[in-house]
There are 2 protein chains.
Amino acid sequence: MTRERKFSTQELFKATNSLLLRYGYEGFTFSLLAESLDVSRAAIYKYYTNKEELIIDYMVYEMTKMLIDLQEIDQSATFIAQLNELITLIFTYKDIHQILGMVHQFKESSSTIIMEKKEQLGKLHLDMYRYLEGLMIQGKKDKFLRETLSNDVILGCIFQSIAIPNHRGIPEHEWIQSIKDVVCYGIFETK
Amino acid sequence: MTRERKFSTQELFKATNSLLLRYGYEGFTFSLLAESLDVSRAAIYKYYTNKEELIIDYMVYEMTKMLIDLQEIDQSATFIAQLNELITLIFTYKDIHQILGMVHQFKESSSTIIMEKKEQLGKLHLDMYRYLEGLMIQGKKDKFLRETLSNDVILGCIFQSIAIPNHRGIPEHEWIQSIKDVVCYGIFETK
DNA sequence: AAACAAAATAACACTAGTGTAACTTTATTA
DNA sequence: TAATAAAGTTACACTAGTGTTATTTTGTTT
């Protein structure tokens, strides 16, 4: 006994994603969102009482999804194969990494529910970090990764690499290959 | 015959910088700026009629300064020495690179003066790119840089590397060394 | 010390986003 | 087909930022 919804949570999240990337955290408003979904602003308030709750919910949703995909990488495969899959995966989730950085712009005085979700997000992030750190340790043990580099630098480098701007619009597959290449072998000619 | 100013352009730019980084483009307001400088909001309007003009002026100022510093790098030095200086330089200007990305959040309908400054900024950017591209070409000719990598990928990699988050708070000099290391030699052990 | 001009402020009208309450629409089910 | 309940809209009061104008402050010059 219920009326059909004009917009799904998926559509809400999708619009949230693109508006956040386009206008930034403070530039993102329920007015813009309502316009983009072609519904009244009040309709959105039925599901989320403010933008922080919506955004953090979206972040948790994406991070959970990413973590599931991450854990589906075949751990019995070679290190090289796993690293390849990892970089491709991070690349497909690059939007969320940019958006994740907006948490620090949230108002200090947040409700309990938001503080809880923030903690949950922190846990997801830690889970991801632990998983990746494990992979790095394996990579070092197997003599693929340089022992002298800290895991922070290696992982930081991988995560930043996806944000290198593709100004010339190189086709995605080719571009990812280039990125993997520099990250793995660096910019120097090996003597 | 003039009253002493309560705030210098330097102070204005410094406050603009830190507020932009803290609150983002839309979160940055003249109210926050006035509070931060301990002056009335209207005092700022005497110098800039809106935040876009202030921000773009700040961007042009920083980019000009960076370009001057860049051109002071000794072109007769070895490629390695020049690259070293370049990365250190980009590192000292890392704030402005983050802020520069906010131009795409400016309102579409901007005044003539802003359009002009945007163009000027574009020219400065192009000048910088040309200079850096020259350095990359030299690096390839001298067999330091890998011929197979495009200049876009190499430069993109260098510019992104400065944004790798230093979560553990490694001392700056040590951190920069690590960054240079990964960028130049990659994450892989050389077989 | 009177005139002046730049610097700064106070105060106003205006705009846009926020969150809520009362109301209407729509589909289900009893 | 009348009751019901979720979905959606309209309308209101509230808040915060914007840009401008009139006025005051402050230091210099003649």
Side-chain angles (χ1 to χ4, degrees), chain A residues 1-16 18-58 102 105-115 117, chain B residues 1-16 18-58 102 105-115 117:
Chain A
M1 59 171 77
T2 174
R3 181 176 168 181
E4 197 187 9
R5 277 184 63 168
K6 276 183 77 177
F7 61 102
S8 65
T9 305
Q10 286 305 313
E11 290 170 314
L12 190 61
F13 283 171
K14 196 175 175 196
T16 299
S18 67
L19 291 173
L20 274 175
L21 292 178
R22 174 71 186 77
Y23 299 103
Y25 174 70
E26 289 290 349
F28 171 81
T29 65
F30 271 18
S31 310
L32 274 171
L33 193 56
E35 194 183 0
S36 156
L37 291 166
D38 195 33
V39 291
S40 72
R41 198 166 47 82
I44 302 169
Y45 278 96
K46 286 277 144 83
Y47 304 96
Y48 291 99
T49 45
N50 55 56
K51 69 176 178 182
E52 291 193 9
E53 283 188 28
L54 164 60
I55 294 170
I56 202 131
D57 223 46
Y58 171 61
M102 297 175 184
Q105 285 184 47
F106 280 27
K107 308 253 174 300
E108 323 264 336
S109 56
S110 292
S111 66
T112 328
I113 188 139
I114 288 176
M115 294 310 287
K117 293 258 178 180
Chain B
M1 61 170 74
T2 175
R3 180 177 168 181
E4 196 186 10
R5 276 184 64 169
K6 276 184 76 177
F7 60 102
S8 65
T9 305
Q10 285 305 312
E11 290 170 313
L12 190 62
F13 283 172
K14 197 175 173 195
T16 300
S18 66
L19 291 174
L20 274 176
L21 292 178
R22 173 71 185 80
Y23 298 103
Y25 173 70
E26 289 289 348
F28 171 81
T29 65
F30 272 18
S31 310
L32 273 171
L33 193 56
E35 194 183 0
S36 155
L37 290 166
D38 196 34
V39 292
S40 72
R41 199 166 48 82
I44 302 168
Y45 278 95
K46 286 276 144 79
Y47 304 95
Y48 291 99
T49 47
N50 57 54
K51 67 177 180 183
E52 291 193 8
E53 283 189 28
L54 165 59
I55 294 171
I56 202 129
D57 224 47
Y58 172 60
M102 296 175 185
Q105 285 183 48
F106 280 27
K107 308 254 173 298
E108 324 265 336
S109 56
S110 292
S111 66
T112 328
I113 187 138
I114 289 178
M115 295 309 288
K117 293 258 176 178

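When reading the values below, keep in mind they use all heavy atoms of this one structure, side chains included, and skip hydrogens, waters and symmetry mates. Chain A is the first sequence line, chain B the second, and so forth, proteins listed ahead of strands; every chain is numbered from 1.
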Check side-chain hydrogen bond (donor to acceptor under 3.5 Å, both in side chains) between A:Tyr45 and all other residues, then give those that pass, not counting sequence neighbours.
-> none

Heavy-atom check, side chain of B:Thr29 versus side chain of B:Leu19, under 4.5 Å = no

Interatomic distance, A:Glu11 CD vs D:dA7 P [rounded to whole Å] = 14 Å

Contact list for residues 4-14 of chain A, test side-chain hydrogen bond (donor to acceptor under 3.5 Å, both in side chains), sequence neighbours left out = A:Arg5-A:Tyr47, A:Ser8-A:Glu11, A:Gln10-A:Tyr61

Which residues share a side-chain hydrogen bond (donor to acceptor under 3.5 Å, both in side chains) with B:Thr49, sequence neighbours left out = B:Glu53

To the nearest angstrom, how far is B:Leu32 atom CG from D:dA16 atom P?
-> 12 Å

Which of residues 33-45 of chain A have a heavy atom under 4.0 Å from DNA chain C?
-> A:Arg41, A:Ala42, A:Tyr45

Sugar-phosphate, base or nothing in reach of B:Tyr47, heavy atoms under 4.0 Å = sugar-phosphate

Measure the distance from CD on A:Glu52 to C1' on C:dT18 and round it to the nearest whole Å.
-> 13 Å

Under 4.0 Å between any heavy atoms, over every strand shown, what does A:Phe7 touch: base, sugar-phosphate, or nothing? Just pick one.
-> sugar-phosphate

Does C:dT9 have OP1 or OP2 sitting under 4.0 Å from an N or O in the side chain of B:Lys6?
-> yes

Atom pair distance, as rounded to whole Å: OH in B:Tyr23 and P in D:dG17 | 11 Å

Separation of A:Lys107 atom NZ from D:dT15 atom P, in whole Å?
-> 16 Å

Donor-acceptor pair, B:Glu52 side chain versus B:Lys107 backbone, under 3.5 Å?
-> yes

Roughly, in whole Å, what's the span from OH in A:Tyr48 to C1' in D:dA7?
-> 16 Å

Partners meeting ring pair (Phe, Tyr, Trp, His ring centres under 6.0 Å) with A:Tyr48 (sequence neighbours left out) | none

For the side chain of B:Arg3 and the base of C:dA6, is some donor closer than 3.5 Å to an acceptor across the two?
-> no

Apply ring pair (Phe, Tyr, Trp, His ring centres under 6.0 Å) to A:Tyr25 and list each qualifying residue two or more places apart in sequence or on a separate chain.
-> A:Phe106

Which whole-number value in Å describes the distance from A:Phe28 CZ to C:dG17 P?
-> 13 Å

Counting heavy atoms from C-beta on, name the nucleotide in C:dA8, D:dT18, C:dT18 closest to the side chain of B:Phe30.
-> D:dT18

Side chain B:Lys46 and base C:dA8 donor-acceptor under 3.5 Å = yes

